[in-house]
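Lettering follows sequence order; numbering is per chain, from 1.
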Number of protein chains: 2
Amino acid sequence: MTSTTPISLATLAGLLADATRARFCLALLDGRAWTAGELARHAGVAASTASEHLSHLVRGGLLAEERQGRHRYVRLAGPQVAQLIEDMTAHAERAGAAAGPPTLRAASAARAMAAARTCYDHLAGRLGVAITDALTTRGLLRQDAGFALSDDGLAWFAAELGAVLPASGGRRPLARPCLDWTERRHHLAGTAGAVLCATALERRWVSRIGSGRALRLTGTGRQALSALLGLRDPTGDLADGIAGELRASAAGG
Amino acid sequence: MTSTTPISLATLAGLLADATRARFCLALLDGRAWTAGELARHAGVAASTASEHLSHLVRGGLLAEERQGRHRYVRLAGPQVAQLIEDMTAHAERAGAAAGPPTLRAASAARAMAAARTCYDHLAGRLGVAITDALTTRGLLRQDAGFALSDDGLAWFAAELGAVLPASGGRRPLARPCLDWTERRHHLAGTAGAVLCATALERRWVSRIGSGRALRLTGTGRQALSALLGLRDPTGDLADGIAGELRASAAGG
DNA sequence: CGCACACTTCGGCGGGCGCCGAAACCTCCC
DNA sequence: GGGAGGTTTCGGCGCCCGCCGAAGTGTGCG
């Protein structure tokens, strides 16, 4: 017979089951706060519609809001929510076929996103995966029996980034894998991933392209990654990008 | 033939956004295959309704089906799907308020589930968390800088369980944390968690209570856990259970 | 061969929900 | 104080979707 409470799961899923609300959450994956109007325009719906959706999401605990004057700023409620949306997106992408033919503009944006982007508060794309790989091959990150920083890794964060990472007693894990939906491989998330990303932005290793999630690796960044991790530019400069695309096109056709 | 569904975040969420489909998935978290009729009766809907829901879930990639004669057996498509549903459930439970007052029967079932149960293919409940804690305090599992088995842990699995765990090169991590929705703490999942659970069932350390996910710790199991991990019965025998409940009731009231 | 059973397909019904525009509310700025 | 702009509330509309029962298909058993 019917037992207790299966309602919660359905309710939570229902919050993300609408295309407009899903677009909101995906946009908010950039980790920043958006106004209601920005999100409405982004999703192509009326302001009134957006307002109702946002109230819905806030009530459901997925979003946190902050009112400032006549603006309603809204952001993801926390890393757990970001992780949930990332996980679901990765899962959805896995089974999903390619959509329609992309426009030139969209293709360009997609290329930039594939090279380097933020994933809520950590690094993703080829850059994020390459850094994760470099940490792993240098023995700073162990992926063979789970996913954790080694003692050397903790020391590396302290020495190179000046970040004393707390032993993960809190809710948030210090290091966790996040499935990259362009690379189909794991990159570093958790507190360590956030610290790394914050450092990279702070020291100008990367800079944001426009207002989106896409990142550009700077000259400073190339030098730093090379010095710290022996990493050659993984984002691919223009020539590499085009060549790689031609290769992929030839192989795929 | 239409290619595999062009799944988006909203579409995936939509699959779980219905109360009946959510009930199906939660029931299937026991890791076994159910027939369409069983699920229909479990959720209290007509067979025709259940049939449509199942087709929906299969097309969406959440469920795998296996036809045998006039039966349609269905199970979760894999560990990734189980993890997704676990994660969403944990997230939902966190913000969820208490439901209505439970019946005696439901309370009894809930108590058994809280003591020990399976979570798809690994151990959960007080038992699962206690084992995870024991592994951690003994240095077999490290949670301070991520979540991974130590070298000693790998050796322990080989020596005590006779399980040679593959270096997690494949898709599935060897060890990962799974948030326990009764204990609100992590227990061991991933390949290692699955091996441990399979061993426990095989060696009769635990046995299934009825046809659900709840488990009973056997005398053999008590001895084994004590010998292998220095663990005293964490499920609480009957006296402990009642005493604990009285304490909790007194403290909560 | 025929009945029983498990499941599926098909209409049809009803409720829920996402959408909009209009109007109200609030804040900021001139 | 008035106007402009961002946000919210309120009806109202339309559609999607979950539900059922009845009829149809396929399997197993006597």
Chemist: In whole angstrom, give the distance that lies between atom CG of B:Leu39 and atom P of C:dA6.
Modeler: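 It works out to 14 Å between those atoms.
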Chemist: Students often get this wrong, so: under 4.0 angstrom with heavy atoms, is A:Thr35 touching a base, only sugar-phosphate, or nothing?
Modeler: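 Here A:Thr35 touches the backbone only, sparing every base.
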Chemist: On DNA chain C, compare the nucleotides closest to B:Ala36 and B:Glu52; which residue's is nearer the 5' end?
Modeler: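 Mapping each residue to its closest nucleotide by heavy atoms, the 5'-most match is B:Ala36.
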Chemist: Please determine whether a side-chain nitrogen of the Lys or Arg among B:Asp180 and B:Arg117 lies less than 4.0 Å from a carboxylate oxygen of the Asp or Glu.
Modeler: yes
Chemist: Specify the separation, in whole Å, of atom OH of B:Tyr73 and atom P of C:dT8.
Modeler: 13 Å
Chemist: Inspect the contact between A:Glu86 and A:Arg176 and indicate whether a charged nitrogen and a carboxylate oxygen are less than 4.0 angstrom apart.
Modeler: yes
Chemist: Any salt bridge between A:Asp121 and A:Arg172, counting N to O under 4.0 Å?
Modeler: yes
Chemist: Can you see which heavy atom on B:Val195 is nearest to which on B:Ala163, and at what distance?
Modeler: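 Minimum heavy-atom separation between B:Val195 and B:Ala163: CG1-CB, 3.5 Å.
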Chemist: Using a heavy-atom cut-off of under 4.0 Å over every strand shown, decide if A:Arg67 touches base, sugar-phosphate, or nothing.
Modeler: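 Answer is sugar-phosphate: A:Arg67 comes under 4.0 Å of backbone atoms only.
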Chemist: Expressed as a whole number of angstroms, how long is the span from B:Glu66:CD to C:dC7:P?
Modeler: 14 Å
Chemist: Flag yes if more than 12 heavy atoms outside B:Arg203 fall under 6.0 Å of its CZ atom; otherwise flag no.
Modeler: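 Result for CZ/B:Arg203: enclosed.
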Chemist: Counting the atoms with a prime plus P, OP1 and OP2 as sugar-phosphate, which does B:Ser55 contact under 4.0 Å by heavy atoms, base, sugar-phosphate, or nothing?
Modeler: nothing
Chemist: Side-chain N or O of A:His53 less than 4.0 angstrom from OP1 or OP2 on C:dC19?
Modeler: yes
Chemist: Contact class for A:Ala47 (heavy atom, under 4.0 Å): base, sugar-phosphate, or nothing?
Modeler: base
Chemist: Nucleotide range of DNA chain D contacted by chain A, 5' to 3', under 4.0 Å to a heavy atom?
Modeler: D:dA4 to D:dC10
Chemist: Please state whether the base of C:dC26 and the side chain of A:Arg70 form at least one donor-acceptor pair under 3.5 Å?
Modeler: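 Not at all, since no donor on one side and acceptor on the other fall under 3.5 Å apart.
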Chemist: Quickly work out the B:Glu65 CD to C:dA6 P distance and round it to whole Å.
Modeler: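 Distance check: B:Glu65 CD to C:dA6 P gives 18 Å.
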Chemist: Can you tell me if B:Ser51 and B:Ser48 form a side-chain donor-acceptor pair at under 3.5 Å?
Modeler: no
Chemist: To the nearest Å, give me how far apart CZ (B:Arg72) and C1' (C:dA6) are.
Modeler: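 Whole-Å distance recorded here is 11 Å.
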Chemist: Name the residue closer to the 5' end of DNA chain C, choosing between A:Ser48 and A:Asp18 according to the nucleotide with the nearest heavy atom.
Modeler: A:Asp18
Chemist: Can you classify the ring geometry of B:His42 versus B:Trp34 as parallel (below 30°), tilted (30 to 60°) or perpendicular (above 60°)?
Modeler: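 B:His42 and B:Trp34: perpendicular rings.
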